[in-house]
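The structure appears right after this line, and notes come after that.
None of the values given here were measured: they were computed from a predicted structure.
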Amino acid sequence: MDMQIKLLAMLLALLACLLPLSACKGKGRGDKPRETIELDTSDGYDYGSLDYKGEGFTFLQCDENRWGMKTALAPEAGETGDEVSDAVYSRNVKVETLYNVVIKCINRDIYETGEYVRTQCFGGDSTVDAAYVVGSSVATLIGEGLLNDFSEMNEVQIYEPWWGQKIREASQFGGSSTLYYAQSDISVTAFELTWCVAVNLDRISTLDMENPYELVRGKQWTMEKMFEMAEDGMQSNTDGSYTYSEDTDCILGFVTYNNYAAAGLNGAGCFLTQKDDIGNPTFTGEGQKFLDVVERYATAFHTPGKLVHAQEEGFHYEDIFAAKRSLFAGIEIKATSAFRAAGIHYGILPVPMYDDKQETYYSNVNYLAPLLVIPNTNKAGEATGRILDTMAYLSYKDLLPVYYDSSLSYKSLGTPDSVEMLNIIRDTRCFETGLLYGWTTDFYVEVRYIFVGLRPGTSASAAIGSYREPIIQELNDFITKLK
């Protein structure tokens with residue numbers, strides 16, 4: 001009881017300190033006065049205390065609306081009509097009010113984010129306090145010692161649910177707590193780049209096909225079941241071909257692009273690397289099951305009209321599905337807004353399992369998804385940790401429900417079944433850590449082109465033979481450096 005009284009007293013004191021802030025106007029974005037609001041801090045979270053003296057805390061983020069993603073981190077104003085942007089703005093104002101800070105953002109081309117941080121660190125610049133960097137460039141920054149360790153930031157509660165636990169678990173090696181990148185809902189880009197399978201529900205109904213939601217619930221949603229349904233849902237042109245254009249009327253079974261390969265492999269329980277019993281990364285992109293998954297997908301992609309790689313102007317998987325010209329599509333969640341705009345009656349499903357004996361679904365997050373890093377030129381570890389942890393918590397508490405329920409579940413998907421599927425996808429997200437570190441990148445590129453039928457043949461044996469030993473050597477070198 002004494003502890004509860006002390007906690008209540010601390011919270012009331014913090015609130016009393018904040019009330020004057022709610023009436024003030026500090027310098028903010030441009031020459032505009034910085035909006036502040038009254039806050040209720042009695043939700044059980046320890047907001048701590050910090051006075052950032054009205055200075056800016058600057059994020060680096062990829063270019064706005066890249067790949068159709070929601071990327072807003074510091075919108076100029078609320079009430080824009082976009083619920084997610086408005087929720088981001090509201091979150092930022094709460095943080096600004098709490099800590100007398102101004103949240104700012106610099107946008108750069110997503111592929112330039114890593115080099116931007118690198119240049120800043122080597123130049124001794126401290127403009128960017130925290131950065132969202134394209135996942136594939138993280139390894140270089142780590143290797144050059146340019147990032148701060150999240151595990152050394154006491155204010156960051158990295159083991160709490162407002163931080164991505166899946167990526168944390170996959171990225172702490174050999175029993176070490178060291179963590180140079182993190183994921184949270186401060187930015188929703190990682191969620192936007194999570195893989196799933198879209199299904200045309202009208203065609204399912206027209207053809208009187210099995211209920212895909214029941215298949216997922218019963219763990220009967222397997223690779224073979226998707227291949228079977230894709231074939232049943234195909235419809236050729238009058239000449240028997242599956243040539244796609246505005247002047248033809250064929251309907252394809254399944255469409256996607258080449259990075260679905262990682263999603264398909266993970267969905268079937270196959271990973272390029274995984275941690276061993278003592279927490280060290282080990283090569284797992286081999287074995288009979290791995291070969292079988294690649295071969296079965298490749299065979300399906302080599303079958304005209306069944307599984308189709310479509311990633312070019314005038315022949316793009318998202319457009320094909322939105323035009324109701326495919327039963328299924330392998331997509332990242334970001335595509336749902338385009339389908340909503342097209343008015344198609346669709347749902348989403350997790351990527352299929354290998355077979356009905358598999359214990360869980362796995363939902364891959366694209367390895368290009370931006371990850372949060374702290375440049376080593378940021379020496380204000382305590383203040384940075386305080387700001388980031390509060391932003392992560394408020395995003396988890398306030399922003400995610402808006403993004404999740406309003407933007408995705410009800411408006412883009414519109415059915416309770418799809419909401420349930422989205423829950424499954426969110427709870428089973430996984431990451432190919434080997435791609436983040438670059439250990440398996442060349443191997444993956446080779447395998448993915450076989451996987452989606454862009455290479456002759458259907459076997460990954462030669463690729464495994466070529467890359468296995470170099471990958472193992474890289475992993476051994478990494479493990480040695482851990483010791």
For this session: Kindly assign one of parallel, tilted or perpendicular to the pair Tyr47 and Tyr45, based on the angle between their ring planes and the thresholds 30° and 60°.
Result: perpendicular
Exercise. Do Thr384 and Asp129 have side-chain atoms, one donor and one acceptor, less than 3.5 Å apart?
Worked result: no
For this session: Check whether any side-chain heavy atom of Asp427 sits under 4.5 Å from a side-chain heavy atom of Tyr361, and report yes or no.
Result: no
Problem set entry | Any side-chain donor near an acceptor of the partner, Gln120 and Thr377, under 3.5 Å | yes
Problem set entry | Salt-bridge criterion met for Glu359 and Lys219 (N-O under 4.0 Å) | no
Exercise. Any side-chain heavy atom of His309 sitting closer than 4.5 Å to one from Tyr449?
Worked result: no
Problem set entry | Flag, side chain of Arg325 to backbone of Glu246, donor-acceptor distance under 3.5 Å | no
For this session: Identify whether the distance between the nearest side-chain nitrogen and carboxylate oxygen of Arg66 and Asp109 falls below 4.0 Å.
Result: yes
Exercise. How are the rings of Trp221 and Phe328 set relative to one another: parallel (under 30°), tilted (30 to 60°) or perpendicular (over 60°)?
Worked result: tilted
Problem set entry | Check: Tyr317 ring centroid to Phe315 ring centroid under 6.0 Å | no
Problem set entry | Residues in salt bridge (Lys or Arg N to Asp or Glu O under 4.0 Å) contact with Glu144, at least two apart in sequence or another chain | Arg118
For this session: Sort and list the pairs that fulfil side-chain hydrogen bond (donor to acceptor under 3.5 Å, both in side chains) and have at least one residue in residues 180-191, not counting sequence neighbours.
Result: Gln61-Ser187, Ser171-Tyr181, Ser187-Thr189
Exercise. Under 3.5 Å, is there a donor-acceptor pair between the side chain of Lys334 and the main chain of Ile331?
Worked result: no
For this session: Return yes if some donor-acceptor pair links the side-chain N/O of Thr119 with the main-chain N/O of Glu115 below 3.5 Å, else return no.
Result: yes
For this session: Could you check if a side-chain atom of Leu215 sits within less than 4.5 angstrom of a side-chain atom of Met229, using non-hydrogen atoms only?
Result: yes
Exercise. With the threshold set at 4.0 Å, does a side-chain nitrogen-carboxylate oxygen contact exist between Lys104 and Glu96?
Worked result: no
Problem set entry | All pairs passing side-chain hydrogen bond (donor to acceptor under 3.5 Å, both in side chains) where residues 253-264 contributes a residue, at least two apart | Tyr257-Glu332, Tyr257-Asn366, Asn259-Tyr444, Asn259-Arg448, Tyr260-Tyr297
Problem set entry | Short side-chain to backbone donor-acceptor contact, Arg429 and Ile167, under 3.5 Å | no
Problem set entry | CD-CG distance between Glu83 and Asp86, expressed to the nearest 0.5 angstrom | 8.0 Å
Under 3.5 Å, side-chain donor or acceptor atoms of residues 154-164 against the rest of the protein: list the pairs with distances, not counting sequence neighbours.
| residue | atom | partner | partner atom | Å |
| --- | --- | --- | --- | --- |
| Glu155 | OE1 | Arg386 | NH1 | 2.7 |
| Gln157 | NE2 | Asp389 | OD2 | 3.0 |
| Trp162 | NE1 | Asp389 | OD1 | 3.2 |
| Trp162 | NE1 | Asp389 | OD2 | 3.4 |
| Trp163 | NE1 | Asp389 | OD1 | 2.8 |

Exercise. Do the non-hydrogen side-chain atoms of Asn376 and Leu147 ever get within less than 4.5 Å of each other?
Worked result: no
Exercise. Measuring from Phe443:CZ to Leu435:CG, what's the distance to the nearest 0.5 Å?
Worked result: 10.5 Å
Problem set entry | Non-hydrogen atoms of Val216 and Ile424 that approach each other most closely | CG1-CD1, 3.9 Å
Exercise. Checking Lys275 side chain against Glu169 main chain: does a donor-acceptor pair fall under 3.5 Å?
Worked result: yes
Review item, side-chain donor-acceptor pairs of residues 261-274, under 3.5 Å, at least two apart:
| residue | atom | partner | partner atom | Å |
| --- | --- | --- | --- | --- |
| Asn266 | OD1 | Asn364 | ND2 | 2.9 |
| Asn266 | ND2 | Cys270 | O | 2.9 |
| Asn266 | ND2 | Glu432 | OE2 | 2.9 |
| Thr273 | OG1 | Gly434 | N | 3.4 |

For this session: Check whether any side-chain heavy atom of Tyr132 lies under 4.5 Å from a side-chain heavy atom of Val373, and answer yes or no.
Result: no
Exercise. In Å, rounded to the nearest 0.5 Å, how long is the span from OG of Ser151 to CG of Leu179?
Worked result: 7.0 Å
Seminar exercise, completed: Closest non-hydrogen contact found for Lys70 with Ser337 is NZ-CB, 4.4 Å
For this session: Determine whether the side chains of Asp82 and Tyr89 contain a donor N or O and an acceptor N or O closer than 3.5 Å.
Result: no
Problem set entry | Spatial distance of atom OH (Tyr396) from atom CZ (Arg91) [nearest 0.5 Å] | 16.0 Å
Exercise. Does Asp202 offer a backbone N or O that forms a donor-acceptor pair with the side chain of Lys324 under 3.5 Å?
Worked result: no
Problem set entry | For the student: nearest non-hydrogen atoms of Leu399 and Val84, plus distance | CD1-O, 3.9 Å
Exercise. Under the side chain to side chain donor-acceptor pair (under 3.5 Å) test, which residues partner Ser363, sequence neighbours left out?
Worked result: Thr428
For this session: Please state whether the rings of Phe321 and Phe339 are parallel, tilted or perpendicular, taking 30° and 60° as the class boundaries.
Result: tilted
Exercise. Which atom names give the shortest non-hydrogen contact between Leu73 and Asn92, and what distance separates them?
Worked result: O-ND2, 2.7 Å
Exercise. Taking Asn107 for the side chain and Cys62 for the main chain, is one N or O donor matched with an acceptor at less than 3.5 Å?
Worked result: yes
Exercise. When you measure from the side chain of Thr194 to the backbone N and O of Ala190, does any donor-acceptor pair fall under 3.5 Å?
Worked result: yes
Problem set entry | Heavy-atom side-chain contact between Ile204 and Pro212 under 4.5 Å | yes
Exercise. Do Glu474 and Thr440 have side chains that get closer than 4.5 Å, going by heavy atoms?
Worked result: no
Exercise. Given Phe301 and Val308, is the side-chain contact (heavy atoms from CB on, under 4.5 Å) satisfied, shown in steps?
Worked result: CA-CA 6 Å; Phe301 272 103; Val308 179; 5.6 Å; no
Exercise. How far apart are the C-alpha atoms of Arg426 and Leu400, what are their side-chain angles, what is the distance that settles it, and do they pass the side-chain contact (heavy atoms from CB on, under 4.5 Å) test?
Worked result: CA-CA 12 Å; Arg426 180 169 181 262; Leu400 187 59; 2.8 Å; yes
For this session: Measure the spacing between OG1 of Thr140 and OH of Tyr437 and express it to the nearest 0.5 Å.
Result: 12.0 Å
Exercise. Between Tyr367 and Phe431, is the gap from one ring center to the other below 6.0 Å?
Worked result: no
Problem set entry | Donor-acceptor contact present, side-chain Thr336 to main-chain Ile333, <3.5 Å | yes
Problem set entry | Side-chain (Arg203) to main-chain (Gly233) donor-acceptor, under 3.5 angstrom | yes
Seminar exercise, completed: Scanning both residues in full, the closest heavy-atom pair of Leu371 with Val138 reads CD1-CG2, 4.1 Å
Problem set entry | Over all atoms of both residues, closest heavy-atom pair of Ile344 and Asn200 | CD1-ND2, 4.1 Å
Exercise. Is there a side chain to side chain donor-acceptor pair (under 3.5 Å) between Tyr99 and Thr390 once you walk through the steps?
Worked result: CA-CA 10 Å; Tyr99 303 131; Thr390 299; 2.7 Å; yes
For this session: To the nearest 0.5 Å, tell me how far Leu141 CG sits from Cys121 SG.
Result: 7.0 Å
Exercise. Would Arg217 and Asp417 pass as an ion pair if we require N to O under 4.0 Å?
Worked result: yes
Problem set entry | Full working for ring-ring contact (aromatic ring centres under 6.0 Å, His included) between Phe478 and Phe173 | CA-CA 10 Å; Phe478 177 81; Phe173 300 109; 5.3 Å; yes
Exercise. Would the number of heavy atoms belonging to other residues, nucleotides or ligands and lying under 6.0 Å from CD of Glu214 be above 12?
Worked result: yes
For this session: Indicate yes or no: at least one non-hydrogen side-chain atom of Ile320 is less than 4.5 angstrom from one of Tyr244.
Result: yes
